[in-house]
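What follows is one structure encoded as structure tokens, with my remarks underneath.
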Amino acid sequence: PSLPQKPPMVASVGFVGLGSMGRAVAGRLSSRLRSISPKTTMHVFDVNASAVVDFVTTSENIAVGHETSTSVIENADLTFICVPTTSVSKEIIEQVGSAGAGNVIVDLTSGAPSEVAEVSDLAAGKGLKYIESPLSGGPMGAAAGTLTTFVAGDTGTYGAALPFISAFSSNRYHLSEKAGAGSATKSVNNVLNCMNLLASSEGLLSLAKFGVKPEDAVAAINNSSGRSLQTQVRIPTEVLSGNYSYGFSLKLMSKDVGIGTKFVDGDLIGKKFDDVVKGLEQAVGGEEDYTSAVKGLRLGGGIAEAEKLLLGSSPLERVDQEAFMPADIKLLVCDMAGTTVDEGGIVYETLFNVLTEAGVNLEFQEVDAWHGAEKLKVIEHFVNRHEFAGSADLDNRKFRSRCDALHDNFVEAIKRAYFDDESKISLISPGLPEHFNGFREKGVKIGLNTGYPVEIQDAIIKKLGMADFVDTWVSAQNWGGRPKAHMIHACMRNMGVDDVRHVAKAGDTLLDIQEGIQAGVGFNIGLLSGADGVKTL
């Protein structure tokens, strides 16, 4: 149907659910929000309070954090829900009071069609305007704005939500006004996705046993009639690379397969395939990326043997051989603490102690959520929140004096922690100089960037002798903190690299990865040597 493209009068947008997918969608939406509706505010909630803090602090003053999902829905004209299951969506809507009546809910969660219909009826009973809009395309598609949305529900409500959905979705399909049609279509899509991945991988495992290299087989298939998204993209990028990091968990894929096979209940798409996927989920682990399911296939002979057949070598050997680095990279920019420097987490313990000893009331996990950020910005955030009720002008003399004094205290405390005779600060690995010099011999410059003040950065580099194997270094104190890209661009200028596609960024925090994305680097590397784990990175 013909739908209005002119943005409706929406003064506020809500977003509930900042997990792997939700964070990517919400981030894309916040970056486009003011161009859609210039005065719109974004209200956000997640059960993980640190995810809310992180989102609010990186949203360019657009987002406001809330302590409940109900508060978001009742304060926003239009709210997106992106949670793991429809039962969670139902719980969220059950809690909404009369203050939410008339507001729009766009549920990005996929579920059984009958369950979605129940949620739709529940929302209608509370006076909410509800449509479903499950997604396909993963976190990378969300970040690029290229997701596919499977929409079902009232046409007029969809028209009101369309300008905002368009911020993260370039492929939008209003399939029906019948609640559940979107999830039904999405579930069939994911059954086909998973079936194609596993069938293709079984074929590659058999060919590998026969002596055909998987990469050669994929190349041949991709120029033949058996090619698909899985053989062209997912298997080369996630499976044969050993990455298994598409960003969609095997647990959620198994959920969608269960819904789709029950919905279709046919000869091929039915209970037998659902049982296969659930068995792989149990063997590999539900929290693992769905592409890792191939490691559990019977033809692989076990996870370790399957990886050996598909990769040809262990992931560690491949890293040692530097096979992961694209040939056109000219500059590798690395974080310091947790990436190239092992300081045992002292920096955040010190920051927490300085703040609490000065009377700022907070819990350690609140500071811990700020890994990779400029330390002065962290201090400003907590002083503003705890002493100025979140309304301080950054140029206010009293506020500025308080923050600067605490930052000076932090610098002195970290000096004592890092540089006294008993300090255990060291390189992240004894082999780091040889590893970096190996890159330099191949024409790759090495840069360091950090949230440390310049004085601390210089002292660490001197103490650990890093100037002998690093070409340039910059601090957030001079260039502004992550996730903004200024530090990467400064390293590029210092090294005479003028094309960001020839730059790689490596770090151990979400902010490092976001910094690389904002800069547009050609290669972004998340390292499991420091603050954040596989799921976050």
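Below, each value reflects all heavy atoms present in this structure, side chains not excepted, and no hydrogens, waters or symmetry copies.
The salt bridge (Lys or Arg N to Asp or Glu O under 4.0 Å) test applied to R28 returns no partner, not counting sequence neighbours. In this structure, the ring pair (Phe, Tyr, Trp, His ring centres under 6.0 Å) partners of F168, at least two apart in sequence or on a different chain, are F80. Qualifying ring pair (Phe, Tyr, Trp, His ring centres under 6.0 Å) partners for F273, counting only residues two or more places apart in sequence or in other chains: none. In this structure, the side-chain contact (heavy atoms from CB on, under 4.5 Å) partners of D275, at least two apart in sequence or on a different chain, are K271. Under the ring pair (Phe, Tyr, Trp, His ring centres under 6.0 Å) criterion, Y452 pairs with Y418, sequence neighbours left out. Evaluation of the ring pair (Phe, Tyr, Trp, His ring centres under 6.0 Å) rule for F263 yields no partner, not counting sequence neighbours. Partners of K90 under the salt bridge (Lys or Arg N to Asp or Glu O under 4.0 Å) rule, at least two apart in sequence or in another chain, are E118. Listed by chain and residue number, F150, L175 satisfy the side-chain contact (heavy atoms from CB on, under 4.5 Å) test with T185 (two or more places apart in sequence, or in another chain). Contacts of D121 classified as salt bridge (Lys or Arg N to Asp or Glu O under 4.0 Å), with partners at least two apart in sequence or in another chain: none.
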Show your working on side chain to side chain contact (heavy atoms under 4.5 Å, CB included) between T79 and V104 and close with a plain yes or no. CA-CA 6 Å; T79 296; V104 173; over 6 Å; no

Verdict with supporting geometry, N449 and E515, side chain to side chain donor-acceptor pair (under 3.5 Å): CA-CA 11 Å; N449 69 354; E515 178 189 28; 2.8 Å; yes

Check step by step if side chain to side chain contact (heavy atoms under 4.5 Å, CB included) holds for M42 and S12. CA-CA 6 Å; M42 189 170 184; S12 54; over 6 Å; no

Output, in order, the C-alpha distance, side-chain angles, deciding distance and verdict of side chain to side chain contact (heavy atoms under 4.5 Å, CB included) for L135 and T148. CA-CA 6 Å; L135 308 168; T148 295; over 6 Å; no

Using salt bridge (charged side-chain N to carboxylate O under 4.0 Å, His left out), reason through K505 and D512 one step at a time and then give a plain yes or no. CA-CA 8 Å; K505 174 66 172 70; D512 286 302; 2.8 Å; yes

Chi angles and distances behind the side chain to side chain contact (heavy atoms under 4.5 Å, CB included) call for V64, T41: CA-CA 8 Å; V64 177; T41 301; 3.9 Å; yes

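One distance of note links CD1 of I259 with OG1 of T86; it measures 6.0 Å at 0.5 Å rounding. To the nearest 0.5 Å, atom CD1 of residue I131 and atom CD1 of residue I105 are 10.5 Å apart. With rounding to the nearest 0.5 Å, the separation of CZ in R234 from OH in Y290 is 4.0 Å. Between S59 atom OG and D54 atom CG the span is 9.5 Å, to the nearest 0.5 Å. Taking CD1 from I93 and OG from S69, the interatomic distance works out to 9.5 Å, rounded to the nearest 0.5 Å. A distance of 12.0 Å separates CG in L33 from CZ in F15, rounded to the nearest 0.5 Å.
Counted by atom type alone, S245 and N243 present zero donor-acceptor pairs between their side chains at under 3.5 Å. A donor-acceptor contact closer than 3.5 angstrom links the side chains of S254 and E281. Of the N and O atoms on the side chains of N196 and S200, at least one donor lies less than 3.5 Å from an acceptor on the other residue. Between the side chains of N193 and Q230, at least one donor N or O lies within less than 3.5 Å of an accepting N or O. A side-chain donor from one of T85 and S87 sits under 3.5 Å from a side-chain acceptor of the other. Inspection of the T58 and Q514 side chains reveals no N or O donor paired with an N or O acceptor under 3.5 Å.
Two residues are said to be in side-chain contact when any heavy atoms from C-beta on lie closer than 4.5 Å; M21 and L147 meet this criterion. Side-chain contact between V96 and L128 is present, with heavy atoms from C-beta onward closer than 4.5 Å. Side-chain contact between I269 and L192: present, with at least one pair of heavy atoms (C-beta onward) separated by less than 4.5 Å. Residues V383 and L406 are in side-chain contact: their nearest non-hydrogen atoms beyond the backbone lie under 4.5 Å apart. Using a 4.5 Å heavy-atom threshold, the side chains of E380 and K377 count as touching. Side-chain contact between V106 and L78 is present, with heavy atoms from C-beta onward closer than 4.5 Å. Side chains of Y130 and D107 form a contact here, defined as non-hydrogen atoms less than 4.5 Å apart. Contact annotation: the side chain of I235 approaches that of L197 to within less than 4.5 Å [non-hydrogen atoms, C-beta and beyond].
In terms of heavy atoms, A63 sits closest to V56 at O-CG1, 3.6 Å. Considering every non-hydrogen atom in both V354 and F410, the closest pair reads CG2-CA, 3.9 Å. Residue C403 comes nearest to L376 through the heavy atom pair O-CD1, 4.2 Å, listed as atom of the first residue, atom of the second, then distance. In this structure, A26 and L18 approach most closely via the heavy-atom pair CB-CD2, 3.8 Å. Taking every heavy atom of both residues into account, S110 and K255 meet most closely at O-NZ, 2.7 Å. Shown here for S20 and G247, the closest heavy-atom pair between the two residues is OG-O, 3.5 Å.
The salt bridge (Lys or Arg N to Asp or Glu O under 4.0 Å) pairs that include a residue from residues 125-134 number zero, where partners must be two or more places apart or lie in different chains. The list of salt bridge (Lys or Arg N to Asp or Glu O under 4.0 Å) pairs with a residue in residues 178-193, not counting sequence neighbours, reads K186-D256.
The ring of F45 has its center no closer than 6.0 angstrom to the ring center of H66.
Of the options P134, S133, S89, S169, a side-chain contact (heavy atoms from CB on, under 4.5 Å) to L108 is made by S133 and by none of the others.
Heavy atoms from other residues, nucleotides or ligands lying under 6.0 Å from CZ of R501 number 12 at most. Within a 6.0 Å sphere centred on CD of Q282, other residues, nucleotides and ligands contribute 12 heavy atoms or fewer.
With S292 contributing its side chain and D289 its backbone, the two residues share a donor-acceptor pair below 3.5 Å. For the pair N524 (side chain) and I513 (backbone), a donor-acceptor distance under 3.5 Å is present.
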For residues 138-145, which side-chain donor-acceptor pairs fall under 3.5 Å, sequence neighbours excluded?
none

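Both the sub-6.0 Å distance and the 45° axial angle are satisfied by K295 relative to the ring of Y244.
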